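First comes the structure, then the notes that go with it.
Predicted model, so just to flag it, every value in this text is computed and none were measured. Below, each value reflects all heavy atoms present in this structure, side chains not excepted, and no hydrogens, waters or symmetry copies. Order of the sequence lines sets the chain letters (A, B, ...), proteins ahead of strands, with each chain counted from 1.
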Protein chains: 2
Amino acid sequence: MGTTQLETVPEPKYWHLKTVLSEALDSEFAVGEILPNERELAARFGVARATLRQALEQLELEGRLQRRRGVGTTVAPPRVGVAVGTEQHTWPGAPDDDWQLVDCTLAVPPAAVADALETARDEMVHIVRRTRMSHGQPVAAELLHIPQASAPALSGIDAPSGPARARAVLRELERLHLEGEDRAVELGSARADDAKELDRLPGAPVLVVTTRFFAQGRTAALSVATYRADTCRLTFGDTGGVEIHHGPERRAS
Amino acid sequence: MGTTQLETVPEPKYWHLKTVLSEALDSEFAVGEILPNERELAARFGVARATLRQALEQLELEGRLQRRRGVGTTVAPPRVGVAVGTEQHTWPGAPDDDWQLVDCTLAVPPAAVADALETARDEMVHIVRRTRMSHGQPVAAELLHIPQASAPALSGIDAPSGPARARAVLRELERLHLEGEDRAVELGSARADDAKELDRLPGAPVLVVTTRFFAQGRTAALSVATYRADTCRLTFGDTGGVEIHHGPERRAS
DNA sequence: TAGTGGTCTAGACCACCAC
DNA sequence: TGGTGGTCTAGACCACTAC
């Protein structure tokens with residue numbers, strides 16, 4: 001028994017299950033089709049429901065499945081490409097963007113945000129809430145933090161906190177000369193409020209895109225946008241998105 | 001029982017646990033410190049180990065914890081900012097990049113890659129394997145796909161598949177005029193080979209960065225890089241990364 | 001060898017949705 | 001009201017690490 005490797009590691013059951021299911025999805029199911037329920041699938045594969053769920057969770061994480069309580073598990077469509085940041089920089093609220101203003105409040109931001117904005121930790125800033133739609137589905141929820149210094153004309157105003165006020169704040173922002181942007185992407189889990197906006201459960205995996213807008217030699221605004229990680233592929237650069245990295249994940253031999 | 005909302009939804013235990021643990025991490029633990037083991041933590045909070053693990057998994061997903069089998073659970077350092085794509089485009093293998101060449105093979109890529117490269121689905125391409133280090137830790141594993149048309153001088157060569165050959169392929173690539181790049185980021189789970197390279201278990205969450213390099217009016221190379229989602233924050237634009245979105249996740253009140 | 005996290009089981013109950 | 005996925009339990013065994 002010294003040839004190559006025979007029976008090296010016992011592959012975890014859920015991993016093997018995931019592979020089997022993945023191949024079945026490619027060959028036997030159409031997008032939108034509903035799978036047998038978890039109890040039946042578990043019985044069919046001869047595993048406990050928890051083990052089956054481990055495999056389903058991974059497939060959902062990879063955007064292959066969509067699960068909804070009370071409804072069932074369906075085959076997910078390919079991820080939608082969502083453009084994040086073109087080459088030419090623009091302020092949020094440009095007439096052609098697909099964000100919808102929800103409301104606007106004046107509040108003290110988290111410490112990390114205050115640090116990035118270079119404001120005092122107890123200083124209130126405008127917080128504009130926006131959501132982004134794509135193909136009729138909500139794909140992102142955003143909190144746009146704007147120091148009062150970036151919208152001086154609105155410092156004394158206490159208009160009703162709504163879309164109208166949000167529009168006013170963004171209009172003020174556009175008066176400044178945008179000097180540049182800065183972006184970061186990381187993995188996070190949806191807060192309760194964002195989850196609701198995104199039609200997901202709290203804790204769902206999201207891609208957090210943090211954008212700093214520079215004007216007047218400082219950070220004039222900070223956007224924290226959370227994108228649904230299961231349905232979105234973030235694209236950078238001018239050429240929209242292309243069909244890449246979906247379907248069979250088999251590696252070249 | 002008709003006023004506002006009283007005891008609306010029973011918050012899941014693991015969600016509450018996560019909050020409690022998160023606050024404890026902020027106030028009572030230092031980076032690198034080791035937590036009590038799972039059985040003890042579960043007992044201390046009066047929950048089953050599986051429930052406790054659900055909370056730990058989320059915290060690990062958010063980059064707050066690091067768990068290693070046989071060792072224990074430690075408090076993770078803040079995510080490292082990793083620059084992905086500067087404003088001025090460059091070919092892979094520039095003298096100042098922090099990628100390390102591992103090897104190079106000639107093989108048939110997955111169908112999705114072949115489609116992006118506009119090669120036939122059974123056409124072999126050069127596949128350069130690279131890894132990226134940051135702060136002494138591996139942060140990314142990459143497969144760089146280069147059609148033979150982009151490195152014509154190497155079509156007949158069958159040098160030993162190693163770093164030397166990888167270097168030769170990249171040198172050939174540099175002879176072409178790079179016209180532009182195109183990037184996409186999405187969530188994925190690590191394949192077995194990538195996981196090994198990244199010192200993680202298979203299935204670990206990763207950020208998949210797909211980059212297309214354009215030259216001669218077509219896609220001259222395609223990079224699929226998988227970054228550790230737990231330890232990395234991908235930054236775009238010229239200004240490195242800044243300390244944002246870490247620490248207490250409390251929302252402004 | 002002792003202790004850690006990783007996997008797995010066989011149940012139970014709950015929240016949600018459609019009928 | 002019945003069926004779905006979501007949560008939770010109390011165990012068991014395994015793989016890995018460090019001593």
- Given D/dG6, C/dT4, C/dT9, the nucleotide with the shortest approach to the side chain of B/Arg69: C/dT4
- A/Lys18: which of A/Glu62, A/Glu23, A/Glu57 passes side chain to side chain donor-acceptor pair (under 3.5 Å): A/Glu62
- Message: In this structure, how many angstroms lie between the P atom of D/dC14 and the CG atom of B/Leu201, rounded?
- Response: 18 Å
- Task: Starting from the first five and the last five pairs of the helix from C/dT1-D/dA18 to C/dA18-D/dT1, work out the angle between the resulting helix axes, to 10 degrees.
- Result: 10°
- Would you mind reading off the distance between B/Gln54 atom CD and C/dG5 atom P, rounded to a whole angstrom? 17 Å
- Item | Distance in angstrom units between B/Tyr14 OH and D/dT9 C1', rounded | 16 Å
- Task: In whole angstrom, give the distance that lies between atom CG of A/Leu59 and atom P of D/dG5.
- Result: 14 Å
- Donor-acceptor side-chain pairing of A/Ser223 and A/Glu142 below 3.5 angstrom: yes
- Query: Would you say A/Asn37 reaches D/dG3's phosphate, i.e. side-chain N/O to OP1/OP2 under 4.0 Å?
  - Reply: no
- Report the distance from atom NZ of A/Lys13 to atom C1' of D/dC13, rounded to the nearest whole Å. 12 Å
- Query: Under a 4.0 Å N-O cut-off, is there an ion pair linking A/Asp115 with A/Arg121?
  - Reply: yes
- Message: What I want to check is whether the side chains of B/Arg183 and A/Thr235 have a donor and an acceptor closer together than 3.5 Å.
- Response: no
- Looking for any heavy atom pair under 4.0 Å, which part of the strands does A/Arg68 touch: base, sugar-phosphate only, or nothing? sugar-phosphate
- In sequence, state the C-alpha distance, the side-chain angles, and the governing distance for A/Leu144 and A/Arg129, and then conclude on side chain to side chain contact (heavy atoms under 4.5 Å, CB included). CA-CA 6 Å; A/Leu144 183 58; A/Arg129 209 176 201 336; over 6 Å; no
- Task: Fit a plane to each ring of B/Phe236 and A/Phe236, take the angle between them on a 0 to 90° scale, and name the class: parallel (under 30°), tilted (30 to 60°) or perpendicular (over 60°).
- Result: parallel
- Message: Side-chain N or O of B/Thr73 versus OP1/OP2 of C/dT4: is the shortest distance under 4.0 Å?
- Response: no
- Message: Is the phosphate of C/dG6 approached by B/Arg53 (side-chain N or O, under 4.0 Å from OP1 or OP2)?
- Response: yes
- Can a side chain N or O of A/Thr51 be found less than 4.0 Å away from OP1 or OP2 on C/dT7? no
- Do any side-chain nitrogens or oxygens of B/Arg49 fall under 4.0 Å of OP1 or OP2 in D/dA10? no
- Donor-acceptor pair (no angle test) under 3.5 Å: B/Arg39 side chain, C/dG5 base: yes
- Message: Just the rounded figure in Å: distance from P of D/dT17 to CD1 of B/Ile34.
- Response: 14 Å
- Query: Side chain of B/Val71: nearest nucleotide among C/dG6, D/dT17, C/dC8?
  - Reply: D/dT17
- Item | Donor-acceptor side-chain pairing of A/Arg53 and A/Tyr14 below 3.5 angstrom | no
- Item | Nearest-angstrom distance from the residue atom CZ of A/Phe45 to C1' of C/dT9 | 18 Å
- Item | Atom-pair distance (CD on B/Glu57; C1' on C/dG5), nearest Å | 11 Å
